[in-house]
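Read the structure below first, then the notes.
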Amino acid sequence: MNEQNDPAEPGPVQIAVALPSTSGIEVKSIDWVPLTERTGTPSSLFPLWFMSNANLTTLATGMVGVAMGANFLVSLVAIVLGVCVGTVFTSFHSAQGPQLGLPQMIQSRAQFGYRGVAIVCLVVVASIVGFNIFNQLLAGQVLTATTGVDAGAGWYVLITALALTLAIVGYHWIHRVQKWLTWLFLATFGVFTVVALFALPLTAADFSLGDISWPAFLVQFAAAAAYALGWAPYVSDYSRYLPPQTSPRQALFYTSSGVIVGAGWLMILGAFVASLFADMDPVEAITAAADAIVPGAGAVLLWSALPALITVITINIYAASIELITVADSFRSVRPTRFARIVACSIIGLGGLLGAAFSTGEFLDSFGSFLVVLLYVLVPWTSVNLVDYYFVRRGRYAVAEMFRPHGIYGAWGWRGITAYVIGIAAMIPFVVTTWFTGPLATAIGGIDIALFVGLVVSAVAYVLLARGLDLDAERRLARDEAEAMGVRSVTFGAERG
């Protein structure tokens, strides 16, 4: 296959060459993972996504509804529904990783084009850096509360250094650390949760559905859905090393169960402690709850929560570095070396550090608004990507063409970009934010249904626009390339169901 490559387009060479596995710092970033380097089982996805969600940032997300006036039961219902809705899309993206062996946004070149995907990548990088700013703020609060030392930006430097080190080491060590931390978390927060439910009972008013605050319910629902959906643009980055024989159903199950259990548990716990200790920030509330059970237990619980906050920053740095390399490669060919990974990870880590150091304002107000906006910008992308993968192309792609600027997917995928823009435009009249409420949202009583509008409109628009695709020619090319590369099982993995 290599003899057919354009010398000016080195990307496909990276796909065809099966590089040996390394036990040190990971080399791969945007390049295809050869079969010789595929390893692991889908069950490894559960601890990864459980711990990615089982942290204080997730707990803070569950406090949003109570902060707006919802009681515990209303918040619980909104959280469960929101997490389940967001996880549906995230888990279906995860199943793409083993089948294609590619990072999520490289695969999105099929819909948005070689250069066009940079638009979505920049949105994702901004959202990831935003998440890491909030993660840094909470981790800094934990260190200040437990040590009694307000080191300010000094804590952010320490946190970033630890998270960045693990991100640079890469994929396999991230999976291992998340597995170890699962046991630590269950031994600490698991015991705390069970004891707290009996030792810190809520009032009858916290379980009443007589006076539902719909704005609070909808904001909590949107926040929970956005949090679970926020992993979608890079969830397959963490499953792309799995063998192509991996069952899509198992990848779906372990990813979705990890997200639902981790996010659902911590968000509900957040609503619980917020109901008990109003007007406290997340660190203060969880500390007060633990100290109310056993004096001094709050500090122990915070210390046990700190590693999870650091590793979720790692998860984000690692993924955003791939997005950043993808953006650069979209306009000038980038050789996916170890050095490129280190530079990209460092840039993302520095962005989160600076953002945290210069941030101001109330945490919950800012975080809730951030999550709602994140939901708006990600929904049309996830709709286009999933519709293309599962209904239009049915998982059959010419992988090497995704590394050619002038290949069959083009430089600018006008169909995907158009569907994305149409979805965003259709959502605007229905959005509900602290800065702007759409006219149609106002007309229906301030109910935010923008999520569903964006999903449906983007999907329909893309399906209609994709009718002009020459799928037969693409499949023939994909088959020829797969046979030349000896990776038919990857490119045509979706055919096995």
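Residues: numbered from 1 along the sequence shown.
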Looking only at side-chain N and O atoms, does [Y] offer a donor or acceptor that is under 3.5 Å from a partner on [X]?
| X | Y | result |
| --- | --- | --- |
| T58 | N55 | yes |
| Y409 | E474 | yes |
| Y234 | E323 | no |
| S91 | S256 | no |

Can you name the closest pair of heavy atoms from [X] and [Y] and give their distance?
| X | Y | answer |
| --- | --- | --- |
| A232 | W381 | O-CH2, 3.6 Å |
| P103 | I322 | CB-CG2, 3.7 Å |
| P233 | V124 | CB-CG2, 3.6 Å |
| G395 | L100 | O-CD2, 4.2 Å |
| L252 | A95 | CG-CB, 4.2 Å |

| request: Report the C-alpha separation of Y171 and D237 in whole Å, then their side-chain angles, then the decisive distance to 0.1 Å, and conclude whether the side-chain hydrogen bond (donor to acceptor under 3.5 Å, both in side chains) test is met. | output: CA-CA 9 Å; Y171 179 95; D237 297 1; over 6 Å; no
| For the side chain of D329 and the backbone of V334, is there at least one donor-acceptor N/O pair under 3.5 Å apart? |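 Yes; judged by distance alone, with no hydrogens or angles, the pair exists.
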| message | Has N53 got a side-chain atom pairing as donor or acceptor with M51's backbone, closer than 3.5 angstrom? | response |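 Here the side-chain-to-backbone pair does not exist.
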| query | Under 4.0 Å between a Lys/Arg side-chain N and an Asp/Glu carboxylate O for R393 and E401? | reply |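 No, no charged N to carboxylate O under 4.0 Å.
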| task | Please name the residue in the list L353, I133, I348, I159 that meets the side chain to side chain contact (heavy atoms under 4.5 Å, CB included) test with I313. | result |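 Between I313 and the candidates, side chain to side chain contact (heavy atoms under 4.5 Å, CB included) is satisfied uniquely by I159.
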| Matching residue for M105 among S330, S236, C121 - test: side chain to side chain contact (heavy atoms under 4.5 Å, CB included) |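 Of the listed options, the one satisfying the test is C121.
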| said: Could you walk me through whether Y238 and Y318 satisfy the ring-ring contact (aromatic ring centres under 6.0 Å, His included) test, starting with their C-alpha distance in whole Å, then the side-chain angles of each, then the deciding distance to 0.1 Å, before giving a yes or no? | reply: CA-CA 10 Å; Y238 289 98; Y318 178 90; 5.2 Å; yes
| query | Taking only residues two or more places apart in sequence, or in another chain, which ones meet P380 in a side-chain contact (heavy atoms from CB on, under 4.5 Å)? | reply |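 For P380 the side-chain contact (heavy atoms from CB on, under 4.5 Å) partners, ignoring immediate neighbours, are Y420, I424, M427, S458.
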| Of all pairs that satisfy side-chain hydrogen bond (donor to acceptor under 3.5 Å, both in side chains), the ones with a partner from residues 305-315, not counting sequence neighbours |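 Qualifying pairs, neighbours excluded: Q178-T311.
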